[in-house]
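Here the structure is laid out as C-alpha cells; the discussion comes afterwards.
Proteins come first, then strands; the chains are lettered A, B, ... in the order of their sequence lines, and each starts at number 1.
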Amino acid sequence: MSANLSALFYLISGILFILALRGLSSPETSRQGNYFGIAGMVIAIVVTFLSVGNFGTGFIYVLIFLIIGGSMGAFIAFRIPMTAMPELVAGFHSLVGLAAVFVAISAFLKPEAFGLGIIGNIKLASLIEMSLGAAIGAVTFSGSIIAFLKLRGIMSGAPITFKGQHFINLILGIIIIFLIYYLCKSQSSNIFWSLVVISFILGVLLIIPIGGADMPVVISMLNSYSGWAAAGIGFTLENTALIITGALVGSSGAILSYIMCKGMNRSFFNVILGGWGATDQASNLQSKEKKPVKNGNADDAAFLMKNASSVIIVPGYGMAVAQAQHALREMVDALKKNGVKVSYAIHPVAGRMPGHMNVLLAEANVPYDEVFELEEINNDFANCDVAYVIGANDVTNPVAKSDPQSPIYGMPVLDVEKSKSVLFVKRSLSPGYAGIDNDLFYRDNTLMLFADAKKMTEEIVKSL
Amino acid sequence: MSANLSALFYLISGILFILALRGLSSPETSRQGNYFGIAGMVIAIVVTFLSVGNFGTGFIYVLIFLIIGGSMGAFIAFRIPMTAMPELVAGFHSLVGLAAVFVAISAFLKPEAFGLGIIGNIKLASLIEMSLGAAIGAVTFSGSIIAFLKLRGIMSGAPITFKGQHFINLILGIIIIFLIYYLCKSQSSNIFWSLVVISFILGVLLIIPIGGADMPVVISMLNSYSGWAAAGIGFTLENTALIITGALVGSSGAILSYIMCKGMNRSFFNVILGGWGATDQASNLQSKEKKPVKNGNADDAAFLMKNASSVIIVPGYGMAVAQAQHALREMVDALKKNGVKVSYAIHPVAGRMPGHMNVLLAEANVPYDEVFELEEINNDFANCDVAYVIGANDVTNPVAKSDPQSPIYGMPVLDVEKSKSVLFVKRSLSPGYAGIDNDLFYRDNTLMLFADAKKMTEEIVKSL
Amino acid sequence: MEIDPFIFRLSIFILSIFVGYYVVWSVTPSLHTPLMSVTNAISSVIIVGAIIASLAGASENIFETSNIFGFLGIILAAVNIFGGFLVTQRMLQMYKKKKK
Amino acid sequence: MEIDPFIFRLSIFILSIFVGYYVVWSVTPSLHTPLMSVTNAISSVIIVGAIIASLAGASENIFETSNIFGFLGIILAAVNIFGGFLVTQRMLQMYKKKKK
Ligand SMILES: NC(=O)c1ccc[n+]([C@@H]2O[C@H](COP(=O)([O-])OP(=O)(O)OC[C@H]3O[C@@H](n4cnc5c(N)ncnc54)[C@H](OP(=O)(O)O)[C@@H]3O)[C@@H](O)[C@H]2O)c1
Ligand SMILES: NC(=O)c1ccc[n+]([C@@H]2O[C@H](COP(=O)([O-])OP(=O)(O)OC[C@H]3O[C@@H](n4cnc5c(N)ncnc54)[C@H](OP(=O)(O)O)[C@@H]3O)[C@@H](O)[C@H]2O)c1
C-alpha cells in the first residue's frame with residue numbers, strides 16, 4: 001500500500017474517532033458514534049497490515065495475539081458490573097500506558113523498522129518523541145495501577161504521605177529530563193532503560209499520596225497523559241491517526257478533570273498534591289453529633305411519598321455502593337402508578353466518577369429524559385413535596401452555600417432543603433466523601449431513614 | 001526566510017484567526033479576539049514579504065498599494081453608519097472574491113513565481129485548485145455586487161425572474177465544469193479567461209432572482225463561497241494560513257445562512273431559488289383589512305408604560321430604518337427612572353441580518369446584559385405589563401404558531417400577545433418582510449401607534 | 001515512505017472545518033454581525049497570494065500583466081483588511097456591560 | 001520550498017487539540033462515563049505501532065526482543081480495544097428514552 005494511500009486512510013480513521021466523540025453529545029447519536037469509533041479502529045489496523053505488507057509467520061502470530069487480547073477484553077467487558085466502572089477505566093488506562101512503553105521500546109531497539117534511522121543513530125526528533133512517549137506512558141501505567149488497586153480496595157484508599165514527598169517527585173522529574181537530554185546525546189540503551197524505570201517509580205510516587213476518593217480526578221488526568229503519550233508516539237511513527245487521537249484523548253482527560261475539580265470546588269493542584277480531607281473533620285463531628293434527628297421507617301417514607309404530588313430522587317455514591325438502582329426504579333414505578341410525578345436530580349460529581357449515576361440509572365432502565373442535571377432541576381425543589389436522597393450527602397450539603405470556612409464552600413449543591421420534606425437514606429450520621437457534617441440531617445423537615453439504601457428502598461416498595 | 005519557518009508562522013497566523021473567532025463567544029473577550037485577528041494578519045503579511053525576499057522597487061509599490069487600499073478601507077470603516085452594515089458586508093465580500101480571481105489569474109500567468117510549474121505546463125492539481133478558486137471567486141464577486149446594489153437601493157430589491165432561469169444557470173454550471181476539464185487538458189489561456197467570464201455571468205444570474213430582503217442569507221452564502229475559494233487558492237499556494245482561514249470562513253458563512261433559514265423556517269433552496277413572498281399576500285390582505293384596530297397616541301403609550309411594573313422592548317427592522325435606537329434608549333432611561341423594569345427581546349432574525357438589532361442597541365449604549373435572546377425571555381412575556389414592539393412585525397406574528405398553511409408556520413416567534421398590553425409602533429397596517437398580515441393588530445389588548453418609530457419614541461419621551 | 005504534502009494539507013483543511021464548525025456555533029448570537037465583518041477581514045489573507053504575484057520576477061519588469069493583477073489584488077485585499085478589522089473594532093467597542 | 005513534514009504534523013496536532021476541546025465540551029454530562037471508556041478504546045490505536053514492531057524484520061527471526069515487545073503491545077492494546085468499545089456499547093445500549 002502506498003504511503004500516500006495509507007496516510008489518507010489514517011486521516012479517515014482519525015476523523016472517525018472525532019465523530020465517535022461527537023456522537024456522545026446526545027444519547028440518541030451515541031451508539032452510532034461508537035460504531036464510527038470501531039470503524040476507525042478497524043481501518044487503522046487493516047491499513048497498518050497492508051502497508052507493512054509482511055504476511056509471513058509474523059502475521060499469524062499478530063492475529064493470534066490480537067485474538068487473545070481481544071477475547072480477554074471482551075470477556076471483561078461483558079462481565080464487569082456497572083458499579084466497577086471506575087476501576088475498569090483505571091485498569092484499561094494502565095494497559096494503554098504500558099502498550100505505549102512497549103512500542104517506544106521496540107522503536108528504540110529496531111528503529112529501522114519504523115524508518116527512524118539505525119541503532120545508535122536515531123533521528124534526534126524521533127528520539128525526543130519516543131523518550132517522551134515512553135516516560136509519559138510509564139507514569140501512566142504505574143500510576144493507573146495504583147489507582148486501580150486503591151479503587152478495587154486491594155490497597156487502602158488512605159493517602160500515603162511522608163515528608164519530602166513532593167521534593168522527591170520533583171527530583172525524579174528533573175532526573176527524567178536530564179536522562180532524555182543525555183539519551184539524545186549518547187543514544188545509549190542503558191539510559192533509555194533507566195528512563196523507563198524511573199518513570200515507573202515516579203508514577204507510583206505521584207499517586208500514592210492521593211486519597212482513594214480522589215482517584216476519579218487522577219484517572220482522568222492519567223487518561224489525559226496517555227493521550228499525550230499516544231500523540232508523542234504518533235509523531236515518532238509519523239501517523240496521523242495517532243496524532244489526532246492523542247490530542248482528542250489528551251483534551252478529553254484534561255477537561256473531565258477540570259469539570260470534576262470545578263464540581264468539587266477544589267483546585268487541580270489541591271487534588272494532585274494529595275492528603276486532602278483528613279484534617280479538620282474531627283472537630284466538626286464532635287460539636288454536632290449530639291443534636292436530635294428525626295428517625296423514620298419505610299412505612300413513614302411510603303406514606304409521605306404516596307401522598308405527594310411530586311417527588312425528586314437524589315441519588316449519590318451510597319446508591320452505587322448498595323446497588324440500589326433497580327429497587328429504586330421499582331419504587332418509582334409504584335409511585336408513578338399512584339399518580340406521583342417523579343424525576344431524578346443528578347449532581348455533576350454525585351458518585352465517584354463523572355456520569356456515574358447516569359449509567360447506573362440507565363442500567364436500571366430509567367429513561368434518560370426523566371434524569372435532570374443540577375441547573376435544569378434545581379429550581380424545582382421549591383415546588384416539590386418530597387426529596388428522596390438516596391446515598392447522597394455532600395452534594396446536598398447547604399454549608400457549601402452558607403459557610404465560607406467550609407472546604408466545599410462555593411461548590412454548587414442541590415437545594416433539597418427547599419422541598420416540603422426531605423428523606424435521607426443512609427446507614428448512619430457519618431459524613432460523606434468530603435468528611436464534613438451535613439446540617440440537613442437535623443432540620444425539622446428532614447426524616448432520616450437509617451438503613452442500607454437497597455434494603456430500605458425495597459421495604460418502601462413493599463409498603464407502597 | 002526558510003520554507004519551514006514561514007510554514008510555522010503561517011500556522012501561527014491561522015491559529016490566531018481561530019482565536020479571533022473564538023473571542024466572539026462573549027462580548028468581553030471579543031475585542032481581544034479582534035486583536036488576535038489583526039496580529040494573525042500582520043504575521044501573514046510580514047512573513048510573506050520575508051519569504052519572497054525581494055526588497056526592490058516592487059516592494060515599494062506593494063507598500064504604496066497596501067497603504068492606498070488600507071486608507072480607503074479605514075475611511076469606509078469610520079464613516080459607515082451602523083444601519084448600513086448589510087451593504088458594507090456585501091461590498092467587502094465582492095472585493096475578496098475579486099482579489100481571489102486576480103490571484104488565480106496571476107498564478108496562471110506566472111506559475112513559476114508560485115512554484116507551480118511553468119506556463120503551459122502547470123501541475124495538474126494546482127490547475128484544478130486555481131481554476132476552482134477563480135470560478136468561485138468570480139461568482140462571489142459578481143453575486144456580491146448585485147447583493148450590494150439591491151441592499152443599497154441602487155437596484156430594485158424586487159426579484160428579477162424570467163422563464164428558464166434555473167435551466168440557464170444549470171447550463172452555465174455545466175459549462176464551467178467542462179471548461180475546467182479542458183483547461184486541465186490544454187492549459188490554454190483562452191479557456192481560462194472564458195472560465196472567469198462565464199463565472200462572472202453566473203454570479204449575476206444566480207442572485208438577481210432573489211428578493212432584496214433575502215440578501216442577508218445570500219451574503220452569508222457568498223461569504224461561505226469566498227471561504228472555499230480562499231481555501232482553494234490556499235492549496236495552490238501551499239499556504240496553511242489560507243487553508244485554515246478558508247475553512248473557518250466557509251463554515252461560518254454556511255452556519256449563518258443555516259441559522260437564518262431556520263429562524264425564518266424556510267429551506268435554503270427555497271431562498272436560493274428566489275422569487276418568494278410575491279405570491280399569496282394579496283388575498284391575505286384583502287380579507288382582513290376591514291377589521292377595526294385600536295389607535296393610540298404618544299400620551300396613551302407613556303401613561304401605560306409609566307404605570308407598568310415591567311416592560312419588554314421588541315425591536316425590529318423598522319427601528320433600524322427609522323434609526324430609532326437612540327430615542328429608544330432615552331425612553332428606557334426615563335422609564336427606569338420611574339422604577340419600571342425594562343428589558344429587550346431580540347428575535348434571531350429580527351432586522352435584516354443576524355445580530356442586526358444587537359449592534360444598533362449597542363451603538364445606542366444599551367448594555368448587552370439587558371438584551372435577551374428569544375429562548376431566554378420568551379416566558380417572561382406572560383408576567384410583563386407592556387410589550388413595546390418598535391418596527392417589528394413578522395417576529396411577533398402568532399400565525400407562525402397556529403396556522404399550518406402560513407408560509408412562516410413553525411418559525412419561532414416572540415409571544416408578545418401574552419403580555420397585558422401590546423404597543424405596536426409602525427407607520428401603517430402594512431405587513432413586514434414576509435408579506436403576511438399580523439393578527440395581533442386587531443386584538444383587544446393591542447394599541448397601534450401609527451408613526452415613524454423615531455418620532456413616536458421621541459414624543460413618548462416628552463410625555464413621560 | 002514520503003507522503004505527499006497534499007495529504008497533510010487535506011488533513012489541515014478537514015480539521016479546520018471541524019474547528020470552524022464548533023467555533024462559529026459557539027459565537028453568541030448578539031455578535032453575529034461582527035462575526036460577518038471579521039470573517040470578511042480574515043478571508044483577505046488572500047493578500048498573501050497577491051503579494052507573491054506582485055513581487056514575482058526581476059525588478060526591472062515589475063509591471064508585467066501578472067504583477068499588475070497582483071497589485072490590484074493587494075489594493076482590494078487591503079481595503080478589506082483595514083475596513084473589516086476597523087469596522088469590527090468599532091462595533092465591538094460599543095458592546096458594554098451595565099455599569100453597576 | 002520543501003516543508004518539513006513535522007510542521008504539518010504539528011499543525012494537525014494543534015488543530016486536533018482545538019477539535020478535542022470543542023468536541024469534549026459538547027458531550028452531554030450524562031454520557032461522561034461512556035466518554036471515559038471510549039477515549040480509552042480509541043487511544044489504543046497505538047496498536048498500530050505494536051503491529052509494525054512485531055512484523056519488523058525477516059520472517060525467520062520474528063522473536064527478537066523488539067518483536068516480542070510488539071506482540072506484548074498487541075495483546076495489551078487488543079484488550080483495551082475490544083474491552084473499551086464493548087463496554088461502551090453495553091453502557092450506551094442502556095440509555096433509553098421514555099416509551100410514549
Ligand atoms: N463524581 C465524581 O466525579 C467525583 C470525583 C471525585 C470525588 N467526588 C466526590 O464524591 C462526593 C459525591 O457526593 P455524594 O453525595 O454522591 O456522596 P457522599 O457525599 O460521598 O456520600 C455518600 C453517602 O452514602 C452513604 N452510604 C454509603 N454506603 C451506603 C449504603 N450501602 N446504603 C446507604 N447509604 C450509603 C454514606 O453514609 P453512611 O456511611 O452513613 O451510609 C455517605 O454519607 C462529593 O463530595 C464529590 O466531590 C466525586
Ligand atoms: N435578521 C436576519 O438575519 C434576516 C435575514 C433575512 C430575512 N429576515 C426577515 O426579516 C423579518 C424581520 O422581522 P421584523 O419583525 O424585524 O421586521 P418585519 O416583519 O419586516 O417588519 C418591519 C416593520 O417595521 C415597520 N417599519 C418600517 N419602517 C418603519 C419606520 N420608519 N418606523 C416605524 N416602523 C417602520 C414596517 O411597517 P410599516 O411599513 O407599517 O411602518 C414593518 O411592518 C423576518 O421576516 C425575517 O425572516 C431577517
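- A pairwise comparison of heavy atoms in D:Ser26 and A:Ser25 identifies O-CB, 3.1 Å as the closest pair.
- Heavy-atom distances place the side chain of A:Asn223, and not its backbone, under 4.5 Å from chain D.
- With a threshold of 4.5 angstrom between heavy atoms, A:Val62 approaches chain D through its backbone and through its side chain.
- Contact of A:Ala20 with chain D is not made at all, since no heavy-atom distance falls under 4.5 Å.
- With a threshold of 4.5 angstrom between heavy atoms, A:Ile233 approaches chain D through side-chain atoms but not through N, CA, C or O.
- Of all non-hydrogen atoms in D:Thr33 and A:Gly355, the two that sit nearest each other are OG1-C, 3.2 Å.
- With a threshold of 4.5 angstrom between heavy atoms, A:Glu28 approaches chain D through side-chain atoms but not through N, CA, C or O.
- Here the shortest heavy-atom pairing between D:Leu76 and A:Ala99 reads CD1-N, 3.8 Å.
- Contact annotation: the side chain of A:Tyr258 approaches that of D:Trp25 to within less than 4.5 Å [non-hydrogen atoms, C-beta and beyond].
- At a 4.5 Å heavy-atom cutoff, the contact between A:Val366 and chain D is made by backbone atoms alone.
- For chain D, the nearby part of A:Thr245 is the side chain; its heavy atoms alone come within less than 4.5 Å.
- For a residue to count as touching a neighbouring chain, one of its non-hydrogen atoms must lie under 4.5 Å from one of that chain's; by this rule A:Leu21 touches chain D with backbone and side chain alike.
- If you take CE on A:Met82 and CE on D:Met94, they are separated by 4.5 Å, rounding to the nearest 0.5 Å.
- Proximity to chain D (any heavy atom under 4.5 Å) is shown, for A:Ile18, by both the backbone and the side chain.
- Atom CD1 of D:Ile42 sits about 12.0 Å away from atom CD1 of A:Ile38, to the nearest 0.5 Å.
- Contacts of A:Leu88 with chain D are made by side-chain atoms alone, with heavy-atom separations under 4.5 Å and no backbone atom involved.
- Under a 3.5 Å cut-off, the side chain of D:Arg90 and the backbone N or O of A:Ala77 do form a donor-acceptor pair.
- To the nearest 0.5 angstrom, A:Lys110 atom NZ is 13.0 Å from D:Phe69 atom CZ.
- With a 4.5 Å cut-off on non-hydrogen atoms, A:Ile259 touches chain D through its side chain but not through its backbone.
- Taking chain D as the reference chain and counting heavy-atom pairs below 4.5 Å, the highest number among A:Thr240, A:Leu242, A:Ile346 is found for A:Leu242.
- Proximity of D:Tyr95 to A:Val359: side-chain heavy atoms (C-beta onward) are separated by under 4.5 Å at one or more points.
- Residue contact with chain A, scored on non-hydrogen atoms closer than 4.5 Å, involves the backbone and the side chain of D:Leu72 alike.
- The candidate from A:Ser30, A:Ala74, A:Ala230 with the greatest count of non-hydrogen atom pairs under 4.5 Å with chain D is A:Ser30.
- The two residues D:Leu86 and A:Phe78 come nearest to each other via the heavy atoms CD1-CE1, 4.1 Å.
- Of all non-hydrogen atoms in A:Ser106 and D:Gly70, the two that sit nearest each other are OG-N, 3.7 Å.
- Scanning all heavy atoms of the two residues, the minimum distance from D:Ser43 to A:Ser226 falls at OG-OG, 4.4 Å.
- Using a 4.5 Å cut-off on side-chain heavy atoms (C-beta onward), A:Phe92 and D:Val79 make contact.
- Residue A:Glu370 touches chain D through its side chain alone, counting heavy-atom pairs closer than 4.5 Å.
- Each of D:Thr39, D:Val45, D:Val38 was evaluated against A:Phe17; a single residue qualifies, D:Val45, per the side chain to side chain contact (heavy atoms under 4.5 Å, CB included) test.
- With hydrogens and angles ignored, the 3.5 Å screen pairs no side-chain donor or acceptor of A:Asp369 with any backbone N or O of D:Lys97.
- In this structure, CD1 in A:Ile255 is found 10.5 Å from OH in D:Tyr22, a value given to the nearest 0.5 Å.
- With values rounded to the nearest 0.5 angstrom, A:Ile45 atom CD1 is found 4.0 Å from D:Ile81 atom CD1.
- Less than 6.0 angstrom separates the ring centroid of D:Phe6 from the ring centroid of A:Phe235.
- D:Ile17 contributes atom CD1, which lies 11.0 Å from atom CD1 of A:Ile243 (distance to the nearest 0.5 angstrom).
- Side-chain atoms of D:Gln89 and A:Tyr35 include a donor-acceptor pair closer than 3.5 Å.
- Put simply, the side chain of D:Lys96 does not reach to within 4.5 Å of the side chain of A:Pro367, judged on heavy atoms.
- Proximity to chain D (any heavy atom under 4.5 Å) is shown, for A:Pro348, by neither the backbone nor the side chain.
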